[in-house]
Amino acid sequence: MRVLMENGKEIKMFGGKFWGVEVSPYGMEHKRLDYKTMVTALSYNELFTNNTIINAVTDWELFNGEDYDEETDEYREIMTYCVMSDRAAENLKKYTDEIIYYSSSLDLYLLGVCHCGTSWDYVLTSYEIMGE
């Protein structure tokens with residue numbers, strides 16, 4: 001099996017695992033990578049929630065993804081911010097279009113999560129699981 005990621009990149013799965021992380025039954029049932037598996041695997045499980053840090057400084061720059069919708073002329077609502085390592089940010093950038101911010105004064109990356117209220121293993125990404 002393999003997962004078709006952003007820009008046509010593919011990542012092979014072994015034993016039902018995506019980079020060593022088991023895909024949720026819900027994800028397997030719908031043949032889509034679930035958000036929890038994607039973030040855990042691609043961030044090396046090196047992130048934690050911190051919703052107050054976004055207000056600590058004003059030099060946040062968009063590092064990856066799109067936080068503005070030109071069709072609606074609105075910014076996407078970020079529900080949770082997760083601090084992540086630089087290697088996690090680089091890896092997520094390589095394979096996804098997830099919203100990631102960077103602050104040069106803090107030398108810190110944040111993942112912007114646009115959903116809440118649902119367990120991450122029940123939030124499906126657009127990344128398709130292919131093959132058997």
Side-chain angles (χ1 to χ4, degrees):
M1 289 191 295
R2 63 193 190 286
V3 179
L4 184 59
M5 300 300 291
E6 193 68 23
N7 300 322
K9 295 179 181 171
E10 291 185 9
I11 297 177
K12 291 183 181 179
M13 290 179 57
F14 298 97
K17 294 183 178 183
F18 178 78
W19 275 23
V21 179
E22 192 165 339
V23 176
S24 73
Y26 187 73
M28 292 301 287
E29 176 185 340
H30 294 279
K31 295 290 189 190
R32 295 272 182 216
L33 192 60
D34 61 273
Y35 195 79
K36 179 180 180 182
T37 301
M38 180 194 71
V39 169
T40 302
L42 293 179
S43 73
Y44 309 99
N45 204 24
E46 295 177 352
L47 63 102
F48 64 92
T49 303
N50 187 325
N51 288 326
T52 58
I53 194 127
I54 193 74
N55 298 317
V57 295
T58 59
D59 70 336
W60 294 106
E61 295 179 15
L62 189 63
F63 177 72
N64 190 57
E66 295 293 330
D67 64 354
Y68 182 76
D69 185 340
E70 291 183 11
E71 289 182 21
T72 63
D73 195 30
E74 295 178 351
Y75 283 93
R76 294 184 63 192
E77 187 173 7
I78 306 295
M79 304 303 222
T80 302
Y81 294 94
C82 298
V83 175
M84 60 180 15
S85 68
D86 58 343
R87 74 180 192 150
E90 290 290 344
N91 206 38
L92 277 165
K93 182 178 182 178
K94 180 177 179 180
Y95 290 106
T96 75
D97 62 355
E98 293 300 309
I99 297 172
I100 301 172
Y101 298 99
Y102 176 73
S103 165
S104 58
S105 63
L106 297 176
D107 191 23
L108 194 67
Y109 293 90
L110 291 180
L111 172 66
V113 181
C114 296
H115 53 81
C116 74
T118 303
S119 177
W120 285 12
D121 53 352
Y122 280 92
V123 176
L124 299 177
T125 67
S126 61
Y127 310 120
E128 183 179 359
I129 298 173
M130 303 166 58
E132 294 299 319

Looking at K94, I'd like to know if its NZ atom is crowded, meaning that more than 12 non-hydrogen atoms belonging to other residues, nucleotides or ligands lie closer than 6.0 Å. no

Taking all non-hydrogen atoms of both residues into account, name the closest pair between V57 and S103 and its distance. CG2-OG, 3.5 Å

Partner residues of T40 under the side chain to side chain contact (heavy atoms under 4.5 Å, CB included) criterion, sequence neighbours left out: V21, K36, N45

For the backbone of L92 and the side chain of T96, can you confirm whether one donor and one acceptor N or O come within less than 3.5 Å of each other? yes

Any donor-acceptor N or O pair under 3.5 Å, side chains D34, S24: yes

Ring pair (Phe, Tyr, Trp, His ring centres under 6.0 Å) partners of residues 83-105, not counting sequence neighbours, each pair once: W19-Y95, Y102-Y109

If you compare all heavy atoms of S104 against all heavy atoms of D59, which two are closest, and at what distance to 0.1 Å? OG-OD2, 3.1 Å

List in chain and number order the residues that pass ring-ring contact (aromatic ring centres under 6.0 Å, His included) with Y75, two or more places apart in sequence or in another chain; answer none if no residue qualifies. Y68

Working to the nearest 0.5 Å, report the span between CD1 of I53 and OH of Y81. 12.0 Å

Heavy-atom closest pair, residues C82 and T49: SG-OG1, 3.9 Å

Quick one: salt bridge (Lys or Arg N to Asp or Glu O under 4.0 Å) pairs with a partner in residues 3-16, sequence neighbours left out? R2-E10

Within the distance-only criterion (no hydrogens, no angle test), does the side chain of T125 pair as donor or acceptor with the backbone N or O of L33 below 3.5 angstrom? yes

Are V39 and M5 joined in one hydrophobic group, where the rule is that I, L, V, M, F, W and Y side chains link up if heavy atoms are under 4.5 Å apart? yes

Whether over 12 other heavy atoms sit under 6.0 Å from Y122 OH: no

So for atom CD, which belongs to E61, do other residues, nucleotides or ligands contribute more than 12 heavy atoms lying within a distance under 6.0 Å? no

Heavy-atom closest contact (E46 atom, S85 atom, distance): OE1-OG, 2.6 Å

Looking at every non-hydrogen atom in both residues, tell me the closest pair between R76 and E66 and how far apart they are. CD-O, 3.5 Å

Kindly give the heavy-atom pair with the smallest separation between K93 and I100, and that separation in Å. N-CD1, 4.3 Å

Can you name the side chain to side chain contact (heavy atoms under 4.5 Å, CB included) partners of T52, sequence neighbours left out? N50

Which pairs with one or both residues in residues 96-107 pass salt bridge (Lys or Arg N to Asp or Glu O under 4.0 Å), sequence neighbours excluded? none

Criterion side chain to side chain contact (heavy atoms under 4.5 Å, CB included) against V83, the qualifying member of L108, L111, L106, L47: L108

